[in-house]
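The next block holds one structure in the form of structure tokens; read it before the comments.
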Amino acid sequence: MTVTTELTNDQKEAIAELRKRVKDVINPTLYEDTHLFYRFLKARDFNLKNAEEMLRKHIQWRKEFHVDTILDDYTSVEALVKHFPVT
């Protein structure tokens, strides 16, 4: 399902505005995800102020718990490497 083909013009404008508002704090990969913005707007009934606040809290949570870099920071436990040699 692609969200972009099902959006109204008002929804597309709201997504564009939300993107603009959080551009300074969001990861470039997440910035390209239209569905992410849609979900936060939908959760707040397309209220831009509330959706922005919720999205900023989500981004802060991702940074605090290193969600975007968790695989880069992970080192395998020696026992796993020895007994489960899967790449």
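Fair warning: this is a prediction, and the values are worked out from it, not measured in the lab.
- Rounded to the nearest 0.5 angstrom, Gln60 CD and Glu64 CD are separated by 6.5 Å.
- Lys57 pairs by the salt bridge (Lys or Arg N to Asp or Glu O under 4.0 Å) definition with Glu53, not counting sequence neighbours.
- In terms of the salt bridge (Lys or Arg N to Asp or Glu O under 4.0 Å) criterion, Asp33 has no residue partners (sequence neighbours excluded).
- The side chain to side chain contact (heavy atoms under 4.5 Å, CB included) check on Thr69 picks up His66, Asp72, Asp73, with sequence neighbours excluded.
- Shown here are the side chain to side chain contact (heavy atoms under 4.5 Å, CB included) partners of Arg56, two or more places apart in sequence or in another chain: Val22, Asp24, Val25, Glu52.
- Below 30°, between 30° and 60°, or above 60°: for Trp61 and Phe65 the angle between ring planes is between 30° and 60°, a tilted geometry.
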**OP:** Report the C-alpha distance between Lys12 and Thr34 in whole Å, list the side-chain angles of each, state the deciding distance to 0.1 Å, and finish with yes or no for side chain to side chain contact (heavy atoms under 4.5 Å, CB included).
**Re:** CA-CA 9 Å; Lys12 289 177 185 178; Thr34 302; over 6 Å; no
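- Tracing side-chain contacts under 4.5 Å through hydrophobic residues (I, L, V, M, F, W, Y), one never reaches Val67 starting from Leu71; they form parts of separate clusters.
- Among Thr29, Ile59, Asn27, the single residue meeting the side-chain contact (heavy atoms from CB on, under 4.5 Å) criterion with Asp68 is Asn27.
- Applying the side chain to side chain contact (heavy atoms under 4.5 Å, CB included) criterion to Thr8, with sequence neighbours excluded, gives Asp10, Gln11.
- With rounding to the nearest 0.5 Å, the separation of CZ in Arg21 from CD1 in Ile26 is 14.0 Å.
- Between Tyr31 and Phe37, the angle of the ring planes goes over 60°, which puts this pair in the perpendicular group of the 30/60° scheme.
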For residues 42-50, tabulate all N or O donor-acceptor pairs below 3.5 Å that involve a side-chain atom, not counting sequence neighbours.
residue	atom	partner	partner atom	Å
Asn47	OD1	Lys49	N	3.1
Asn47	OD1	Asn50	N	3.1

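- Rounding to the nearest 0.5 angstrom, the gap separating the NE2 atom in His58 from the NZ atom in Lys63 is 11.5 Å.
- Residue Tyr38 comes nearest to Ile15 through the heavy atom pair CB-CD1, 4.0 Å, listed as atom of the first residue, atom of the second, then distance.
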